[in-house]
Number of protein chains: 2
Amino acid sequence: MKLSTKGQYGTRMLLDLALHEEEAPVLLKDIAQRQQISLGYLEHLVTPLIAGGIVRSTRGAKGGVSLAKPSEQIKLSEVIQLLEGSIAPVACVNDPAVCSRSESCVTRDIWDELKQAMDGVLASTTLQNLVQRQKDKQPLEGAMYYI
Amino acid sequence: MKLSTKGQYGTRMLLDLALHEEEAPVLLKDIAQRQQISLGYLEHLVTPLIAGGIVRSTRGAKGGVSLAKPSEQIKLSEVIQLLEGSIAPVACVNDPAVCSRSESCVTRDIWDELKQAMDGVLASTTLQNLVQRQKDKQPLEGAMYYI
DNA sequence: GGTATTGTATACTATATTAGTCATAATAGT
DNA sequence: ACTATTATGACTAATATAGTATACAATACC
Ligand code: SF4
Ligand code: SF4
């Protein structure tokens with residue numbers, strides 16, 4: 001039940017982006033440096049977020065990336081969905097047709113409950129929540145939120 | 001965030017075992033057939049469960065496997081821990097030392113909440129719960145619970 | 001004691017996924 | 001034109017997954 005680095009790094013990237021929103025568009029290079037993620041990999045992570053309408057990008061000089069909508073409207077469940085695909089622990093939870101036992105399988109019911117519990121946490125957390133938590137956590141360091 | 005087949009099959013194996021508890025010890029071969037899991041793979045799955053004190057095995061003719069404790073005392077959280085290791089979505093949740101950012105990282109806090117939400121479901125579900133659900137689900141088929 | 005029956009342990013393998021790197025193209029500003 | 005910047009796709013190394021195969025050890029039954 002591990003989250004891949006896509007989900008981990010991608011979330012950190014978005015939080016970093018949200019924390020530097022006033023300076024938008026933000027250079028991927030800067031995010032890469034602050035978050036210690038290679039630029040090349042970050043480029044891969046940002047792609048699905050752009051496609052998913054969470055991030056807007058501007059190419060060329062003075063370009064960069066910015067949030068495509070207010071951070072209060074970006075739920076972590078969306079983010080993880082875009083970066084990792086469905087959170088369902090087992091495929092049958094999303095699509096009963098993948099397994100002939102689906103109808104009568106009670107373990108499936110549990111995996112579904114598990115999914116819902118996870119979704120409860122992720123859907124109730126927005127990027128703005130993360131930003132607020134971060135600011136609460138590092139009140140002394142002014143505007144420099146390196147995470 | 002997928003559960004590997006170890007966790008999936010292992011849980012089904014235990015449920016099958018619990019459903020056939022009166023016939024214990026149960027042949028791995030029979031479980032394999034009912035659950036459509038290869039015997040060789042099932043042998044792999046049962047090993048950590050024996051080591052973890054959930055299953056007892058009897059070798060030789062008339063042998064097989066049985067539950068080492070009452071099904072009400074077997075929590076799914078234990079089972080998954082034995083079969084998949086920690087449920088933590090990111091390693092830093094269990095051991096902050098793995099990442100230098102742990103101290104100030106708010107995404108880590110979320111991953112921790114996620115873990116706790118998952119553990120809430122798994123720790124509150126016992127094998128007996130699963131057995132009961134299965135019996136509720138298939139009341140017409142008598143003792144034949146193939147899952 | 002011999003033999004069939006069962007689980008135990010180890011080694012091996014094929015495939016898929018992860019976590020990247022690298023080169024190149026497209027685009028925007030100056 | 002030139003430069004800065006993201007976008008895209010090809011490629012790769014390392015790891016994890018999902019098994020299979022083989023040999024071994026213990027037990028029950030005759
Ligand atoms: S056996 Fe049950 S849990 Fe596993 S895939 Fe089939 S329906 Fe889902
Ligand atoms: S960056 Fe945060 S979430 Fe990721 S490993 Fe470090 S502490 Fe954990």
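Predicted, not measured: the structure shown is a model, and the values here were computed from it. Every chain is numbered from 1, with letters handed out A, B, ... down the list of sequences.
Listed by chain and number, the residues in a side-chain hydrogen bond (donor to acceptor under 3.5 Å, both in side chains) with A/Ser77 amount to none (sequence neighbours excluded). Partners of A/Asp30 according to the salt bridge (Lys or Arg N to Asp or Glu O under 4.0 Å) rule, which considers only residues two or more places apart in sequence or in another chain, do not exist here. Residues passing the side-chain hydrogen bond (donor to acceptor under 3.5 Å, both in side chains) test with B/Gln8, sequence neighbours excluded: none. In terms of the side-chain contact (heavy atoms from CB on, under 4.5 Å) criterion, A/Arg59 has no residue partners (sequence neighbours excluded). Applying the side-chain contact (heavy atoms from CB on, under 4.5 Å) criterion to A/Ala32, with sequence neighbours excluded, gives A/Leu39, A/Leu42.
Considering only side-chain N and O atoms, A/Ser57 lies nowhere under 4.0 angstrom from the phosphate OP1 or OP2 of D/dT5. Contact between the side-chain N/O atoms of B/Tyr41 and the OP1/OP2 oxygens of D/dT17 is not found at any separation under 4.0 Å. Checking the phosphate oxygens (OP1, OP2) of D/dA18, a side-chain nitrogen or oxygen of B/Thr5 falls inside 4.0 Å.
Rounded to whole Å, the distance from CG on A/Leu45 to C1' on D/dA7 is 14 Å. When rounded to the nearest whole Å, the span between CG of B/Leu3 and C1' of D/dA16 equals 15 Å. For the pair A/Leu42 CG and D/dT8 P, the computed distance is 15 Å after rounding to whole Å.
Looking at B/Leu76, B/Asp16, B/Leu3 one by one, the single match for side-chain contact (heavy atoms from CB on, under 4.5 Å) with B/Thr11 turns out to be B/Leu76.
Taking the 5' to 3' direction, DNA chain C first and last meets chain B under 4.0 angstrom from a heavy atom at C/dT5 to C/dA11.
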Show the atom names and distances, to 0.1 Å, of all donor-acceptor pairs under 3.5 Å that link a side chain in residues 117-132 of chain A to residues at least two apart or in another chain.
residue, atom, partner, partner atom, Å
A/Ser124, OG, A/Gly120, O, 2.9
A/Ser124, OG, A/Val121, O, 3.1
A/Thr125, OG1, A/Val121, O, 2.9
A/Thr126, OG1, A/Gln128, N, 3.3
A/Thr126, OG1, A/Asn129, N, 3.1
A/Thr126, OG1, A/Asn129, OD1, 3.2
A/Gln128, OE1, A/Ser71, OG, 2.9
A/Asn129, OD1, A/Thr126, N, 2.8
A/Gln132, NE2, A/Asp136, OD1, 3.1

Identify each donor-acceptor pair in which a side-chain atom of residues 60-67 of chain B lies under 3.5 Å from a protein atom, sequence neighbours left out, and give them as a table.
none

Using a 3.5 Å cut-off and no angle test, enumerate the donor-acceptor pairs between side-chain atoms of residues 43-51 of chain B and protein atoms at least two apart in sequence or in another chain.
residue, atom, partner, partner atom, Å
B/Thr47, OG1, B/Glu43, O, 2.9

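With distances taken from any side-chain atom of A/Lys29 to the nucleotides D/dT5, D/dG19, D/dA18, the minimum falls on D/dT5.
A/Val46 comes within contact range of the sugar-phosphate backbone alone, with a heavy-atom separation under 4.0 Å but no base atom that close.
Within the structure, salt bridge (charged side-chain N to carboxylate O under 4.0 Å, His left out) pairs that include any residue of residues 64-84 of chain B comprise B/Lys69-B/Glu78 (at least two apart or interchain).
Residues A/Ser4 and B/Thr47 each lie close to DNA chain C; by heavy-atom proximity, the contact nearer the 5' end of the strand is made by B/Thr47.
Listed in residue order, the members of residues 86-97 of chain B having a heavy atom less than 4.0 Å from DNA chain D come to none.
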Dump every N/O contact between nucleotides 21-27 of chain D and the protein below 3.5 Å, one line per pair.
residue, atom, partner, partner atom, Å
D/dT27, O2, B/Ala61, N, 3.3

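Side-chain contact annotation: A/Tyr41 with A/Thr5, donor-acceptor N/O pair under 3.5 Å present.
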